[in-house]
Engineer: 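First, the structure itself, so that you have it in front of you.
Values in this document were obtained by computation on a predicted structure and should not be read as measured data.
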Amino acid sequence: MTPKMTTQHEAVKNVLYHVYVFPFHSLYQFDDPRYTVTMNIYFSGIGGVGIGPLAQIAADMGHAVTGSDLTPGLITQELSSQGIPFSIGQDGSYLQQCHESSPIDWFVYTAALPPTHPELVLAERLGIKTAKRDELLAVLIKQKGLSLIAVSGSHGKTTTTGMLVWALQQLGEAVSYSIGTTVSFGPSGAYIQGSRFFVYECDEFDRNFLHFHPTLSLVTSIDYDHPDTYPTKADYSQAFRQFINQSDHTILWSDDAENINLVPSTSEWLLQEGEALDVRIAGAHNRRNATLVAKAIEYLNISSDSVQTRRAIESFPGTDRRFEKLADNIFSDYGHHPSEISATLQMARELSDDVVLVYQPHQNRRQHEIKNDYTNQFEAASQTYWLPTYLSREDPELPILLPIELTAHLTNKESITLSELDDTLWSEIESARARGALVLCMGAGSIDGWVRQRLAL
C-alpha cells in the first residue's frame with residue numbers, strides 16, 4: 001500500500017514532482033511507491049466524450065475526481081452510476097467550493113472551452129495547473145507503465161476502438177481503454193489493474209493525437225475534416241504523417257497512405273483492399289475496421305487462432321450512437337461527413353430496401369468546407385429529411401448556410417424534404433416505421449437526444 005504523506009509540505013512536493021518533473025523523467029520507476037500520489041482533479045466538460053472517459057480512468061487509478069458540465073447526457077448518467085460527483089452549471093461556484101474543500105491539483109478542460117470561460121479564468125486565478133485532456137492522459141499512461149494502442153482516422157474511430165477493446169476482452173486480455181461514447185459492455189473509460197495495454201480513441205481534433213507516441217496505431221480512414229483546426233487539406237495530411245511517424249508501428253490502408261502522400265517505411269503495415277476480413281458484420285466500412293482489429297491482434301501476438309479472433313470480432317455488440325438501434329426500425333448514428341453518410345447508408349441498405357434518413361448537418365464552419373461535396377451520398381435513402389445545421393464552435397463572421405443551399409448539388413433532390421425537429425417530422429418518422437422502413441437519424445448535434453426523448457414519451 002502506498003504510504004500516506006505525513007505533512008502538507010511533503011504532499012505539495014509530491015504533486016509538484018508528478019506535474020512538472022514526472023512527464024520528462026526517463027528514469028522513473030513505475031513500481032516505486034515513493035512516487036505514487038493521489039491527485040485531486042477537476043474536469044470541466046466532464047460529460048464530453050473525451051473528458052468523461054478520462055475522468056473515469058483517473059478515478060479507477062485512485063485519484064479524487066470531480067467536475068462540471070453545462071447539461072446532462074449519456075456520459076454524465078454513466079458518471080452518476082459510478083458515484084463520481086459533478087455539477088451541472090459552470091459559473092465557477094462549484095470549482096471554488098471544491099477547491100476550498102480540498103485544493104485542486106489539476107484543472108482539465110475540453111478544447112471547446114473559450115479562454116474567457118468562468119471556470120478556466122477562476123482556475124488560473126487560483127493558481128491551479130490547467131491542461132487539456134491529452135497532457136493528463138499521457139501522464140496517467142506513463143505512470144502505470146502501459147503500452148499505448150491508438151486508434152485514429154477521420155471516420156470509424158469509435159467503432160474500431162470499441163471493437164478492439166471487446167475483442168481483446170473476449171480473447172482473455174485485460175485492457176485499459178478510452179472510447180468516445182458509452183458502450184453496453186462496460187464504462188466508456190476504464191483502468192484495469194494488471195493490464196498491459198491502453199487502447200485510446202485518439203482523435204485529430206485540436207491536434208490531440210500529436211501529443212502521443214503510441215506503441216501501435218491503427219488508422220481507420222483519412223478524409224479531410226475539422227477545418228477549424230486544419231485550414232487546408234495539406235495541413236490535415238501533414239498532421240497524419242506526423243502522427244504515423246511518431247508511432248512505433250502503424251497499420252493502415254494503402255489508399256489512405258497514398259491519400260496523404262506517405263512515404264512508406266518498415267514501421268507501417270499497409271493493407272490492400274483484397275485483404276479485408278471475411279466477417280459477418282454489416283457495412284463495408286465496418287468490415288475494413290474489423291480487418292484493422294484482426295491485424296492489431298495478430299501484431300500484438302494476443303492470439304494465433306484466426307478463427308477465434310474472427311468470432312470475437314463478430315460478437316461485438318456495437319457502441320452507442322454508431323448505428324445504434326433505439327427501438328424497432330429506428331437507429332441513431334453520429335455521422336456528419338459525406339463519406340460517413342455514404343458508408344452508413346450502404347450498411348443500412350444491407351439490412352433494408354427502404355431506408356428513411358433524417359439528417360442534421362453539424363457545425364456551420366464545417367458546412368462551408370463540405371457544401372460542394374454533398375452530391376450522390378443520399379441516393380441509397382428512399383427519403384431524406386434535411387434539418388437546419390446544428391451550430392457549435394462557430395465563426396461569427398461566416399453566414400449560416402441554409403438547407404436549400406446545402407442541398408443544391410444533390411443528385412436526388414426529388415427525395416429530399418427540408419424539415420425541422422418538430423411534431424410533423426415525428427409523425428413522418430412514425431409512419432415510416434409503421435410501414436417497415438428502416439429510419440436512420442444521423443448527426444452529431446441535438447437529433448439523438450430529440451429522438452430518444454420522443455421515444456420515451
Side-chain angles (χ1 to χ4, degrees), residues 48-50 52-53 74-75 78 149-171 175 177-190 197-205 208-209 216-223 225 251-253 256 271 276-297 309-326 331-351 362 438 440-444 448:
V49 295
L74 294 175
I75 298 291
E78 192 171 71
I149 304 173
V151 180
S152 191
S154 308
H155 321 297
K157 293 183 293 293
T158 302
T159 298
T160 306
T161 306
M163 188 183 294
L164 178 57
V165 170
W166 169 266
L168 289 173
Q169 291 175 341
Q170 302 313 298
L171 294 171
V175 59
Y177 62 87
S178 175
I179 306 172
T181 190
T182 51
V183 294
S184 63
F185 53 90
S188 52
F197 303 111
F198 187 90
V199 179
Y200 178 44
E201 182 178 339
C202 196
D203 65 289
E204 75 275 24
F205 173 68
N208 167 69
F209 66 166
L216 173 65
S217 292
L218 309 183
V219 178
T220 58
S221 61
I222 302 177
D223 193 5
D225 200 358
I251 305 174
L252 73 163
W253 295 91
D256 288 318
L271 303 179
L277 196 65
D278 182 19
V279 287
R280 291 174 293 182
I281 294 177
H285 64 295
N286 278 335
R287 291 189 284 273
R288 280 171 60 106
N289 295 337
T291 304
L292 289 173
V293 170
K295 298 299 183 183
I297 290 170
T309 298
R310 191 183 74 243
R311 286 174 179 167
I313 292 171
E314 288 178 338
S315 68
F316 175 54
T319 64
D320 295 346
R321 297 297 315 278
R322 271 66 179 181
F323 206 76
E324 177 190 359
K325 185 175 182 178
L326 301 181
F331 293 76
S332 176
D333 192 87
Y334 191 77
H336 51 278
H337 186 282
S339 296
E340 294 171 342
I341 295 163
S342 179
T344 307
L345 282 174
Q346 183 273 328
M347 177 169 60
R349 282 300 300 269
E350 288 187 13
L351 303 177
H362 189 72
L438 186 158
L440 177 60
C441 299
M442 181 179 287
D448 177 75

Engineer: Check His336 against Ala444 and note the closest heavy-atom contact, atom names and distance.
Structural biologist: ND1-CB, 3.4 Å
Engineer: Could you give me the CA-CA distance, side-chain angles and deciding distance for Tyr177 and Leu164, then say whether side chain to side chain contact (heavy atoms under 4.5 Å, CB included) is met?
Structural biologist: CA-CA 10 Å; Tyr177 62 87; Leu164 178 57; over 6 Å; no
Engineer: Let's go through Tyr334 and Asp448 carefully: what are the C-alpha distance in whole Å and the side-chain angles of both, what is the deciding distance for side chain to side chain contact (heavy atoms under 4.5 Å, CB included) to 0.1 Å, and is it a yes or a no?
Structural biologist: CA-CA 8 Å; Tyr334 191 77; Asp448 177 75; over 6 Å; no
Engineer: Does the side chain of Tyr200 come within less than 4.5 Å of Ser217's, by heavy atoms?
Structural biologist: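 In short, these two side chains do not touch, never coming nearer than 4.5 Å.
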Engineer: Give, for atom OG1 of Thr220 and atom CG of Asn286, the distance between the pair rounded to the nearest 0.5 Å.
Structural biologist: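 Going from OG1 on Thr220 over to CG on Asn286, the span is 11.0 Å.
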Engineer: What is the distance from atom CG of Asp256 to atom CZ of Arg288, rounded to the nearest 0.5 Å?
Structural biologist: 6.0 Å
Engineer: Any donor-acceptor pair under 3.5 Å linking the side chain of Asp320 with the backbone of Thr181?
Structural biologist: no
Engineer: Which value, rounded to the nearest 0.5 Å, describes the distance between Met163 atom CE and Arg322 atom CZ?
Structural biologist: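 Answer for the CE-CZ pair, Met163 versus Arg322, is 12.5 Å.
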Engineer: Just so I know, are the side chains of Val165 and Phe185 near enough to count as touching, which here means a heavy-atom distance under 4.5 Å?
Structural biologist: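 The answer is yes; the side chains approach within 4.5 Å.
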Engineer: If you apply the rule side-chain hydrogen bond (donor to acceptor under 3.5 Å, both in side chains), what do you find for Ser332 with Glu324, and how did you get there?
Structural biologist: CA-CA 5 Å; Ser332 176; Glu324 177 190 359; 5.2 Å; no
Engineer: Where do Ile313 and Ala167 come nearest, in terms of heavy atoms and distance?
Structural biologist: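 Shortest heavy-atom separation between Ile313 and Ala167 comes out as CG1-CB, 4.1 Å.
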Engineer: Determine whether Leu292 and Leu271 make a side-chain contact, defined as any pair of heavy atoms from C-beta on separated by less than 4.5 Å.
Structural biologist: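 Yes - at least one pair of side-chain heavy atoms lies under 4.5 Å apart.
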Engineer: Run Glu201 and Ile179 through side chain to side chain contact (heavy atoms under 4.5 Å, CB included) and show every step you take.
Structural biologist: CA-CA 6 Å; Glu201 182 178 339; Ile179 306 172; 4.2 Å; yes
Engineer: Under the criterion side-chain hydrogen bond (donor to acceptor under 3.5 Å, both in side chains), I'd like the reasoning laid out for Glu78 against Ser188: C-alpha separation, chi angles, the key distance, then a yes or no.
Structural biologist: CA-CA 8 Å; Glu78 192 171 71; Ser188 52; 2.7 Å; yes
Engineer: Got a second to check how far Phe316's CZ is from Ile281's CD1, nearest 0.5 Å?
Structural biologist: 8.5 Å
Engineer: For a side-chain hydrogen bond (donor to acceptor under 3.5 Å, both in side chains) check, start with the C-alpha distance between Asn289 and Thr159, then their side-chain angles and the critical distance, and finish with the verdict.
Structural biologist: CA-CA 8 Å; Asn289 295 337; Thr159 298; 5.6 Å; no
Engineer: Is there a side-chain contact between His285 and His155 in this structure, where contact means two heavy atoms from C-beta onward sitting under 4.5 Å apart?
Structural biologist: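 A side-chain contact is absent here, since even the closest heavy-atom pair is not under 4.5 Å.
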Engineer: Working to the nearest 0.5 angstrom, can you tell me the gap between Cys202 SG and Leu218 CG?
Structural biologist: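 Answer rounded to 0.5 Å: 11.0 Å.
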Engineer: Looking at every heavy atom in both Val279 and Ala290, which two are closest together, and how far apart are they?
Structural biologist: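 For Val279 versus Ala290, the nearest heavy atoms are CG2-CB, 4.1 Å.
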Engineer: Would you mind checking if Glu314 and Arg280 are paired as a salt bridge, meaning a charged N to carboxylate O distance below 4.0 Å?
Structural biologist: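 So Arg280 pairs with Glu314 through a salt bridge.
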Engineer: How long is the gap from OG1 on Thr309 to CG on Leu168, to the nearest 0.5 Å?
Structural biologist: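 It is 9.5 Å, given to the nearest 0.5 Å.
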Engineer: Look at the side chain of Ser342 and the backbone N and O of Ser339, then say whether any donor-acceptor pair between them is shorter than 3.5 Å.
Structural biologist: no
Engineer: Less than 4.5 Å apart, side chain to side chain, heavy atoms only: is that true for Phe209 and Lys157?
Structural biologist: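 Result no, sub-4.5 Å side-chain heavy-atom pair not found.
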Engineer: For a 4.5 angstrom cut-off between non-hydrogen side-chain atoms, does Ile149 reach Val175?
Structural biologist: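 No, every pair of side-chain atoms sits at 4.5 Å or beyond.
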Engineer: How close do Gln346 and Glu350 get, counting heavy atoms only, and between which atoms?
Structural biologist: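 Shortest heavy-atom contact: NE2-OE2, 2.7 Å.
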Engineer: Carefully, step by step, assess Ser154 and Asp225 under the rule side-chain hydrogen bond (donor to acceptor under 3.5 Å, both in side chains).
Structural biologist: CA-CA 7 Å; Ser154 308; Asp225 200 358; over 6 Å; no
Engineer: Please check if the number of heavy atoms outside Arg287 that lie under 6.0 Å from its CZ is greater than 12.
Structural biologist: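 Counting other residues, nucleotides and ligands, CZ of Arg287 exceeds 12 neighbours.
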